[in-house]
Amino acid sequence: KLTKLKLLTMSTEEATSHPTDETNDNEEEALKNENEPQPTSDNEDGTPPKANRVQTYSQVEMGINDDGGGKTTTVDNDTVNNEDLTFCEAIKDVILSFWPLGLVAFGGPTAHVAILHERFVERKKWLDDERFLELLAVGQGLPGPTSTQMVISCGAYRGGILGGLLSFLFWNLPSFIILTLSGLGVSEFVGSETPDWMKGLPAAAVSLVFVAAFKLSKKVIDSKLKIALCIISTVIVLLLLGDERISAREVAIAYPILIFCGGCFTYIDSRYLGEKRSSLYDKIREKSTKERIITRLPYMNKYTSVLLIIGWIVILLTFIILRGADYFPSDSIALLFESFFRIGSIIYGGGQVVLPMLLTEVVSPGWVTEDEFWTGFALVQALPGPLFNFSAYLGAVGFGIQGAFIGWLGLFGPGLMLIFAFLPLWDYIHSIEGFRIFLQGVNATAIGLVIAACIVLWNGAINNFASASVAVITASMVGMFNIPAPIAIIIGGFIGWLFTPQVFGIAQTDLCQS
């Protein structure tokens, strides 16, 4: 309407100032333009965008009051599948789209995101690239497994909360079933010690943590402050783990404290240590001003967000207080839920960061032996789906079938609740520059936890030169030659079996032998 009014006004002005034959031409052109959509200029130089690009959502629908500093989202008409679906049709679409993905989701978080992009952006056209990246940003800003939260976001974008839950279920179900059955049978078929044919698997699996630490460091650590935070968190964790006077419970409490302090350091650095230091965060501030997150999702609103956040806080605090008061017996399954729910509530950086926390929580109480831990870790690396499914295996080993469900829900629960809660609210949260700066320190500190995990896991899984060689071979296959992790683990496990005394007996000298 504004475009039409502007054209008519221009025509009137020209007719007044030039009472010639051009008046009729201008009026005819204005009337012609009334029936044609006019491209809106959103470029600084005034050039219009493509004629076939339109706004899919109005600013009011997206919850955005743009004052000119931000940008609204435009997408190609042919890019996004915008047909109106009933609730039942949307749920059916989610089920048919997600049920096969849990069978092919190999390769870790990066590969998972690529699978989702190919299916829902390129093939099904549920989202365009911009929306896809925006939903990915939401998952990266919350604790929990990013790729799984991205799965939930895609499902929720189509079918609301039920769509998100169904997408989560189909994404995790195959790996959950296999790991649960493996956990139930590990004591009977594997025993308390790793059999010879599986001795190469722990070393092969642990090597992937080193690869993850390298890749994450390369991506996240880009300043001296982040390097310092990474080193400090690594050293503190190693000192705590190496001190017999400090209990496993106290070490577990230190993890969220370190992560929170890392975020505080970057926030303080950006605000109170001079203009020179503050200027280092200008790019982050610029993104906070310009980037807008699409938050309008079907069947979801701010009220569901508030209820989910309150529910998460109540569950977390209730179990922490009850455990601190020794309300639960030492063999209670409630302790498993509390441990996993607490870890899931504070973990950033993906599945590799959660490993040292899980190791401390399940081995120290005697629920799982170290050999059983490494066997399960190798198995989950060779299966599709997120590494957080490891929780089902650990729960099954320690507490049986009910432990598998409790552990799985405990570790996934916080991320599940928070992604549903924050999707409708993320536009406001993501625009807070202090929050984005805070996350810079959180991520850098989390990398330190991964590096500390490398040392701890190496000490537990690498006991001779043969296993060290298996770790180097497997890490090289994944990190340098881009061989898929499941294939690399199988090859590494086979090589480890060949090195055992029962086959060739190669390089069995203990690393600690003088």
Side-chain angles (χ1 to χ4, degrees), residues 143 202 206 209-210 213 227-265 316-349 351-374 376-377 390-391 394-395 397-398 407 410-411 414 441-463 511-512:
V206 166
V209 186
F210 284 83
I227 294 173
L229 291 175
C230 180
I231 294 173
I232 291 171
S233 63
T234 302
V235 172
I236 291 177
V237 169
L238 293 177
L239 291 177
L240 293 175
L241 291 172
D243 195 330
E244 296 180 353
R245 297 170 296 179
I246 301 176
S247 66
R249 175 71 176 168
E250 292 170 332
V251 174
I253 294 174
Y255 288 127
I257 295 175
L258 284 172
I259 290 173
F260 178 77
C261 290
C264 290
F265 268 111
L316 179 62
L317 294 181
T318 299
F319 276 87
I320 289 177
I321 292 172
L322 291 177
R323 181 168 185 172
D326 293 327
Y327 179 80
F328 302 116
S330 59
D331 59 346
S332 173
I333 197 173
L335 296 177
L336 175 72
F337 179 81
E338 188 276 335
S339 296
F340 282 19
F341 196 88
R342 171 170 37 84
I343 291 173
S345 297
I346 55 95
I347 193 66
Y348 282 89
Q352 307 297 345
V353 180
V354 82
L355 287 177
M357 301 184 188
L358 290 177
L359 181 65
T360 301
E361 293 286 348
V362 301
V363 174
S364 297
W367 300 336
V368 178
T369 67
E370 283 201 34
D371 285 332
E372 291 170 339
F373 186 92
W374 301 125
F377 179 53
F390 191 25
S391 58
L394 296 174
V397 173
L411 196 60
V442 166
N443 292 335
T445 306
I447 301 302
L449 300 184
V450 177
I451 296 174
C454 291
I455 299 172
V456 174
L457 300 180
W458 177 276
N459 183 56
I462 311 299
N463 49 27
L511 282 172
C512 297

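The structure presented is a predicted model; accordingly, all values stated were derived computationally and were not measured.
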Inset, instruction - Verify the ring-centre separation between Phe373 and Phe390: is it less than 6.0 angstrom? - result: yes
Legend entry - Nearest-0.5 Å distance, CD1 of residue Ile447 to CD1 of residue Ile231: 13.0 Å
Inset, instruction - State, yes or no, whether a side-chain contact exists between Ile246 and Asp243 at a heavy-atom distance under 4.5 Å. - result: yes
Legend entry - Residue Phe260 excluded, over 12 heavy atoms near CZ under 6.0 Å: no
Inset, instruction - Identify the two heavy atoms, one from Ser233 and one from Gly448, that lie closest to each other, and give their separation to 0.1 Å. - result: OG-CA, 3.1 Å
Legend entry - Atom pair SG/CD1 of Cys264 and Ile257 - distance to nearest 0.5 Å: 11.5 Å
Inset, instruction - Could you tell me the separation between the CG atom of Leu394 and the OG atom of Ser339, rounded to the nearest 0.5 Å? - result: 11.5 Å
Inset, instruction - For residues Phe319 and Phe341, establish whether the separation of their ring centroids is below 6.0 Å. - result: no
Inset, instruction - In sequence, state the C-alpha distance, the side-chain angles, and the governing distance for Thr445 and Phe265, and then conclude on side-chain contact (heavy atoms from CB on, under 4.5 Å). - result: CA-CA 10 Å; Thr445 306; Phe265 268 111; over 6 Å; no
Legend entry - 4.5 Å side-chain heavy-atom contact, Pro365 and Leu335: no
Inset, instruction - Please tell me if the side chains of Met357 and Arg342 come closer than 4.5 Å, counting only heavy atoms from C-beta onward. - result: no
Inset, instruction - Kindly compute the distance separating CG (Leu449) from CG (Leu258), expressed to the nearest 0.5 Å. - result: 6.5 Å
Legend entry - Non-hydrogen atoms of Ala452 and Leu238 that approach each other most closely: O-CD2, 4.1 Å
Inset, instruction - First locate atom CD1 of Ile343, then atom CG of Leu411, and finally report the distance between them rounded to the nearest 0.5 Å. - result: 7.0 Å
Inset, instruction - In sequence, state the C-alpha distance, the side-chain angles, and the governing distance for Phe328 and Leu322, and then conclude on side-chain contact (heavy atoms from CB on, under 4.5 Å). - result: CA-CA 7 Å; Phe328 302 116; Leu322 291 177; 3.6 Å; yes
Legend entry - Heavy-atom closest contact (Cys230 atom, Ile451 atom, distance): SG-CD1, 3.5 Å
Inset, instruction - Applying side-chain contact (heavy atoms from CB on, under 4.5 Å), run through Phe340 and Val362 and close with a yes or a no. - result: CA-CA 10 Å; Phe340 282 19; Val362 301; 3.8 Å; yes
Inset, instruction - Give, for atom CG of Leu358 and atom CZ of Phe377, the distance between the pair rounded to the nearest 0.5 Å. - result: 10.0 Å
Legend entry - Min side-chain heavy-atom separation Pro143-Ile346 under 4.5 Å: no
Legend entry - Step-by-step side-chain contact (heavy atoms from CB on, under 4.5 Å) determination, Ser332 to Phe337: CA-CA 9 Å; Ser332 173; Phe337 179 81; over 6 Å; no
Legend entry - Closest heavy-atom pair and its distance - Ser364, Thr360: OG-O, 3.1 Å
